[in-house]
Amino acid sequence: MERVMCDLTIDYFNGQLTTEEQEAFERHLESCADCQQELAEWQALSEDLPYVSELVEPPVGMKERVLGSILGEDSPAQPVVSPTPVIPMESKKPRKRSASKWLPLVAAALVLSLVGNAYLGWMVQDQQQTLVTQSETVDQLVALVNLQPLEGDSTGTASIVRNGDTIQVVVQASSLPELSNEEVYQVWLIDEEGPDRAGTFTSTGTDGAVVYTLPAGQDFSWDQIAVSHEPNKDSETPLGQVLMASAISAPETE
Amino acid sequence: MSFTDEELYTRILTKDSEALELLYDKYERLVFSFAYRMMQDQQRAEDVVQDVFSKLWRDHAPYEADRGKFSSWLLTMTRNRCLDVIRKSSKQQEVGLLDKDAERVNDTMHDMPEQAVEWKEKSERIREALSHLKEDQRKIVELFYFHGYSQDRISKDLNIPLGTVKGRIRLALQHLRKRLEPERGEFADGTSDV
Ligand SMILES: [Zn+2]
């Protein structure tokens, strides 16, 4: 019996035991010096192995999502806007993260960092760099939503930033599906009259971002935002799959 | 400005969110890179990162300084979480090349933190060491450590008797260790050229 237990060390180390087996093994472990030693040996021998991994760049916005989710649960607060998904499609799988929980925190972080344009600059990377550096005055974040995945695993955020009379819509997305040929991702702003184009973008790796500036003086009057996968940058209405969508609206201005 | 991991960990136990952020910044890339290597999928790797830091924050996962380096502990926790997810999804990854959907960190990265530089250096050494192992030894390390397979599965996948699995893993890891020993010496006497 004991020998059989002692043979389970590797499977225990690799988390391959059933709950019952694991409990039995742990009881055994308390009194078996051999197994304790062997476990320590596996631990020591494999200590350097994580470093085999190639360093990869985390997806855009991961820090905000992770910390937002963790800290958001400890400090309930009002979401900036309702992040309810709007396009009535069956959601493929329930996301375990509740968007509303982390939104306030992310929003707060955004407002802070937008002062220096650091977040924007980092978020949209080089291709939009010019847009960002043009706005010298302080940006104001008026809304931020978590885009809900509809088709595939893409995730992202959309925010409305006001800068004087100018309103910009900033979309950033991760885990985007691959593009081929002339395909692009298209951002749509939607109201009762249908969708309006609001910028196209492509991806770097599986991440992408775009800043769309509304015509001068125009207020933000839409109530939904969506990102679709289009055959090219000229679609006047969504032709491809809608990857993500969310309700979004700018609060009334004074 | 600079706190030890242990200080940060202690502050996290008191729900100091600034400490959590500092620790996160320090280890984000490392935990993500390792999780990505294990999961071979960006979204799943991110979920693991979230679970690991969440566990640290919410469950006060117990770290004891006298039982080893904080980074080792964090990486062990990361690995365990990865294996847990892989097992539960029952869709075990097949042995194969890592899909390349994550952007590699290149040398010119503007804000490469100390840890990343250290990682890169360590990484080169261990991959060099690994390249000296025989093909079947490399494979068993891969199946054992990165796939977390059971002895039974390893025996079947590699078509070797169950009774020899443990011995082979040990031998492969010991070879690796030996290859790394001289390098470790270098590390220890502080000649690292970071
Ligand atoms: Zn034993």
Side-chain angles (χ1 to χ4, degrees), chain A residues 6-18 38 40-63 65-71 73-75 95-97 102 105 109 122 149 152-155 174-178 203-207, chain B residues 15 17 20-21 24-25 28-30 32-34 36-38 42-43 46-47 49-50 53-54 57-58 68 72 75-76 78-80 83-84 87 98 101-105 109 116 119-120 122-123 125-127 130 141 144-146 148-153 165-166 169-170 173-174 176-177 180:
Chain A
C6 294
D7 287 338
L8 294 181
T9 323
I10 283 189
D11 293 346
Y12 175 75
F13 182 75
N14 280 350
Q16 290 286 344
L17 301 180
T18 64
E38 196 188 317
E41 186 191 5
W42 294 129
Q43 189 65 50
L45 281 174
S46 62
E47 199 184 11
D48 292 322
L49 286 173
Y51 297 91
V52 169
S53 320
E54 186 141 23
L55 262 193
V56 289
E57 188 70 358
V60 173
M62 181 171 91
K63 178 179 174 179
R65 290 190 294 275
V66 168
L67 292 186
S69 164
I70 293 172
L71 299 173
E73 293 190 9
D74 281 5
S75 53
R95 294 258 138 188
K96 69 178 165 192
R97 290 179 201 130
W102 62 267
L105 182 106
W122 164 73
D153 291 326
S154 305
T155 54
S174 313
S175 305
L176 291 160
E178 216 172 303
S203 51
T204 311
T206 58
D207 301 328
Chain B
K15 296 280 177 190
S17 59
L20 179 70
E21 184 174 357
Y24 179 89
D25 285 343
E28 172 190 54
R29 211 167 276 158
L30 311 193
F32 178 77
S33 296
F34 181 39
Y36 181 66
R37 177 68 168 74
M38 297 281 296
Q42 269 206 45
Q43 183 59 52
E46 179 175 328
D47 289 345
V49 172
Q50 160 132 14
F53 284 95
S54 174
W57 179 256
R58 203 169 305 134
S72 301
L75 291 168
T76 297
T78 303
R79 178 176 181 268
N80 288 344
L83 294 178
D84 210 33
R87 194 167 41 81
L98 191 60
D101 67 342
E103 211 175 307
R104 281 193 200 181
V105 171
M109 241 182 67
W119 179 293
K120 207 166 169 293
K122 238 177 153 168
S123 182
R125 292 177 182 195
I126 186 157
R127 272 189 268 159
L130 208 54
V141 170
F144 160 69
Y145 190 75
F146 291 100
Y149 283 175
S150 65
Q151 295 179 91
D152 194 48
R153 171 111 195 229
V165 172
K166 187 184 281 190
I169 297 172
R170 184 180 275 122
L173 292 179
Q174 282 170 345
L176 201 58
R177 171 55 54 105
L180 285 169

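To find a chain, count down the sequence lines: A is the first, B the second, and so on, and within it residues start at 1. For clarity, every value in this text was computed on a predicted model and none was experimentally measured.
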Test log, rule side-chain contact (heavy atoms from CB on, under 4.5 Å), inputs A:Glu41 and B:Gln174
CA-CA 10 Å; A:Glu41 186 191 5; B:Gln174 282 170 345; 3.9 Å; yes
Is there a side-chain contact (heavy atoms from CB on, under 4.5 Å) between A:Glu57 and B:Phe32 once you walk through the steps?
CA-CA 8 Å; A:Glu57 188 70 358; B:Phe32 178 77; over 6 Å; no
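In this structure the side chain of B:Tyr145 reaches within 4.5 angstrom of the side chain of A:Pro50, judged on heavy atoms. For the pair A:Lys63/B:Glu21, a side-chain contact is recorded, criterion being any heavy-atom separation below 4.5 Å from C-beta on. Considering only heavy atoms from C-beta on, B:Arg153 stays 4.5 Å or farther from A:Gln16 through its side chain. Taking 4.5 Å as the limit, some side-chain heavy atom of A:Pro58 sits within range of a side-chain heavy atom of B:Arg29.
Considering every non-hydrogen atom in both A:Ala44 and B:Arg177, the closest pair reads O-NH2, 2.7 Å. Considering all non-hydrogen atoms of both residues, A:Val52 and B:Arg127 come closest at O-NE, 3.2 Å. The shortest heavy-atom contact between A:Asp7 and B:Lys166 is CA-NZ, 4.4 Å. Listed here is the closest heavy atom pair of B:Tyr149 and A:Asn14: O-ND2, 2.9 Å. In terms of heavy atoms, A:Ser53 sits closest to B:Ser33 at CB-O, 3.8 Å.
Options B:Gly68, B:Ser72, B:Ser150 differ in how many heavy-atom pairs under 4.5 Å they form with chain A, and the most are formed by B:Ser150.
Both the backbone and the side chain of A:Phe13 come within less than 4.5 Å of a heavy atom of chain B. Neither the backbone nor the side chain of A:Glu178 comes within contact range of chain B, judged by heavy atoms closer than 4.5 Å. For B:Arg170, the parts sitting under 4.5 Å from any heavy atom of chain A are the backbone and the side chain alike. Looking at B:Phe34, the atoms closer than 4.5 Å to chain A (heavy atoms on both sides) sit in the backbone and in the side chain alike. Only the side chain of B:Val141 has a heavy atom closer than 4.5 Å to any heavy atom of chain A. Proximity to chain B is limited to the side chain of A:Ser175, based on heavy atoms less than 4.5 angstrom apart. At a 4.5 Å heavy-atom cutoff, B:Thr78 makes no contact with chain A through either its backbone or its side chain. With a threshold of 4.5 angstrom between heavy atoms, B:Phe53 approaches chain A through its backbone and through its side chain.
Under the ring pair (Phe, Tyr, Trp, His ring centres under 6.0 Å) criterion, B:Phe146 pairs with no residue at all, not counting sequence neighbours. Every residue meeting the side-chain contact (heavy atoms from CB on, under 4.5 Å) condition with B:Ser17, not counting sequence neighbours, appears here in chain and number order: A:Leu71, B:Trp57.
Summarising the geometry, atom CG belonging to B:Leu173 is positioned 12.5 Å from atom CD belonging to A:Glu47; distances are rounded to the nearest 0.5 Å. Rounding to the nearest 0.5 Å places CG of A:Leu67 at 7.5 Å from CG of B:Asp25. Distance CG/B:Leu20 to CD1/A:Ile70: 5.5 Å, rounded to 0.5 Å. In this structure, CG in B:Asp152 is found 8.0 Å from CG in A:Asp11, a value given to the nearest 0.5 Å. Here the CD atom belonging to B:Gln43 is positioned 6.5 Å from the CG atom belonging to A:Asp153, to the nearest 0.5 angstrom. In this structure, B:Lys122 NZ and A:Asp48 CG are separated by 5.0 Å, a value rounded to the nearest 0.5 Å.
A donor and an acceptor atom, one from each side chain of B:Gln42 and A:Ser174, are nowhere located under 3.5 Å apart.
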